[in-house]
A.B. asks: 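I'd like to ask some things about the structure below.
Worth saying up front: this structure is predicted, and the values here are computed from it rather than measured. Within every chain, numbering begins at 1; the chains are lettered A, B, ... in the order of the sequence lines, protein sequences first and strands thereafter.
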Amino acid sequence: MKSEPTSFSIEDLAKSPQQKEPWDGVRNYQARNFLQAMRLDDLAFFYHSNCPNPGIVGIVQIIKSAYPDKSAFDPSDHHYDPKSTIDKPRWFCVDVKFVNKCKHVALATLKNQANLSSMRLLQRGNRLSVMPITSEEWAAIMKFL
DNA sequence: GCCAACGTTGGC
DNA sequence: GCCAACGTTGGC
């Protein structure tokens, strides 16, 4: 799960009440589908994007599976989408809980790993803010921590 | 700030 | 349905 640290960082999540937040504002169909594929208690890496040192910075846990994203209903919200209604919600979010901050694993480090070359995060033109990871990739990255 | 990649919009 | 225009993402 990717976030720009200037808008929401792993530190922000750690400082949140009960260290949990809805992961809302996702407005891409493919990313939405990945959110909906998440299951209660799944773990995810928290990735800092669009910053001086992009990379994995921590681990979060899904503590509530996909439910309608209220920010799409709010006209004053930056992520408002009039095409998403309470009766027919188009966008969804999950709740994530802070698990830990980990050693920073830089994007460059991930790119240097031969066994991670097929990682979705590393594919050309990837722009999804939420994406799946294989158990093999997860295990390989855990060895850095 | 630049630029490549990609998604969305809307005219036709 | 095609495609140009535009907006966004995100590494560098």
A.B. asks: Is it true that a side-chain atom of A:His48 and a backbone atom of A:Ile10 form a donor plus acceptor pair closer than 3.5 Å?
C.D. replies: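 Yes, because the side chain of A:His48 sits within donor-acceptor range (under 3.5 Å) of the backbone of A:Ile10.
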A.B. asks: Determine: side-chain N/O of A:Tyr47 to OP1/OP2 of C:dG11, distance under 4.0 Å, yes or no.
C.D. replies: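 True: A:Tyr47 side-chain N/O within range (under 4.0 Å) of C:dG11 OP1/OP2.
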A.B. asks: Return whichever of A:Arg127 or A:Ser49 has its heavy-atom-nearest nucleotide of DNA chain C closer to the 5' end.
C.D. replies: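 Of the two residues, A:Arg127 wins.
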A.B. asks: Mind calculating the distance between CD (A:Gln123) and C1' (C:dG11) to the nearest angstrom?
C.D. replies: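 It works out to 15 Å between those atoms.
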A.B. asks: What class does the angle between the rings of A:Tyr29 and A:Trp91 fall in, given that below 30° is parallel, 30 to 60° is tilted and above 60° is perpendicular?
C.D. replies: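 The arrangement is tilted - the two ring planes meet at 30° to 60°.
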A.B. asks: Taking CE from A:Met131 and P from B:dG7, how many angstroms apart are they, rounded to a whole number?
C.D. replies: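 Distance check: A:Met131 CE to B:dG7 P gives 13 Å.
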A.B. asks: Take atom CZ of A:Arg90 and atom C1' of B:dT8, then tell me their distance rounded to the nearest Å.
C.D. replies: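 After rounding, the gap between these two atoms is 11 Å.
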A.B. asks: Please tell me if A:Lys111 has a side-chain N or O lying less than 4.0 Å from either OP1 or OP2 of C:dC12.
C.D. replies: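 Indeed, a polar side-chain atom of A:Lys111 lies that close.
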A.B. asks: How far apart are the C-alpha atoms of A:Asp69 and A:Arg27, what are their side-chain angles, what is the distance that settles it, and do they pass the salt bridge (Lys or Arg N to Asp or Glu O under 4.0 Å) test?
C.D. replies: CA-CA 10 Å; A:Asp69 181 347; A:Arg27 295 293 180 269; 3.0 Å; yes
A.B. asks: Could you give the CH2-to-P distance, from A:Trp91 to B:dG7, as a whole number of Å?
C.D. replies: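 So the two atoms are 12 Å apart, to the nearest Å.
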A.B. asks: Rounded to whole Å, please give me the gap between CD in A:Gln30 and C1' in B:dT8.
C.D. replies: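 The answer, rounded to whole Å, is 15 Å.
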A.B. asks: Tell me which of A:Asn50 and A:Gly125 sits closer to the 5' end of DNA chain B, going by the nucleotide each one is nearest to.
C.D. replies: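 Residue closer to the 5' terminus by nearest nucleotide: A:Asn50.
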A.B. asks: What's the OH-C1' distance between A:Tyr29 and B:dT8, to the nearest Å?
C.D. replies: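 Whole-Å distance recorded here is 10 Å.
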A.B. asks: For B:dT9, does OP1 or OP2 lie under 4.0 Å from any side-chain N or O of A:Lys83?
C.D. replies: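 Affirmative; the distance criterion is met.
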A.B. asks: Once you round it to whole Å, what is the distance between P of C:dT9 and CG of A:Leu128?
C.D. replies: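 In whole Å, C:dT9 P lies 12 Å from A:Leu128 CG.
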A.B. asks: Return yes if some donor-acceptor pair links the side-chain N/O of A:Arg120 with the main-chain N/O of A:Asn126 below 3.5 Å, else return no.
C.D. replies: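 No, because the side chain of A:Arg120 does not come within donor-acceptor range (under 3.5 Å) of the backbone of A:Asn126.
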A.B. asks: Taking CG from A:Asn126 and C1' from C:dG10, how many angstroms apart are they, rounded to a whole number?
C.D. replies: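 Answer to the nearest Å: 9 Å.
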A.B. asks: Can you tell me if A:Arg124 touches the phosphate of B:dA5, counting only side-chain N or O atoms and a distance under 4.0 Å to OP1 or OP2?
C.D. replies: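 Looking at the OP1 and OP2 atoms of B:dA5, one of them is under 4.0 Å from a side-chain N or O of A:Arg124.
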A.B. asks: Check this for me: A:Lys101, atom NZ, are more than 12 non-hydrogen atoms of other residues, nucleotides or ligands nearer than 6.0 Å?
C.D. replies: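 Not buried by this count: 12 neighbours or fewer within 6.0 Å.
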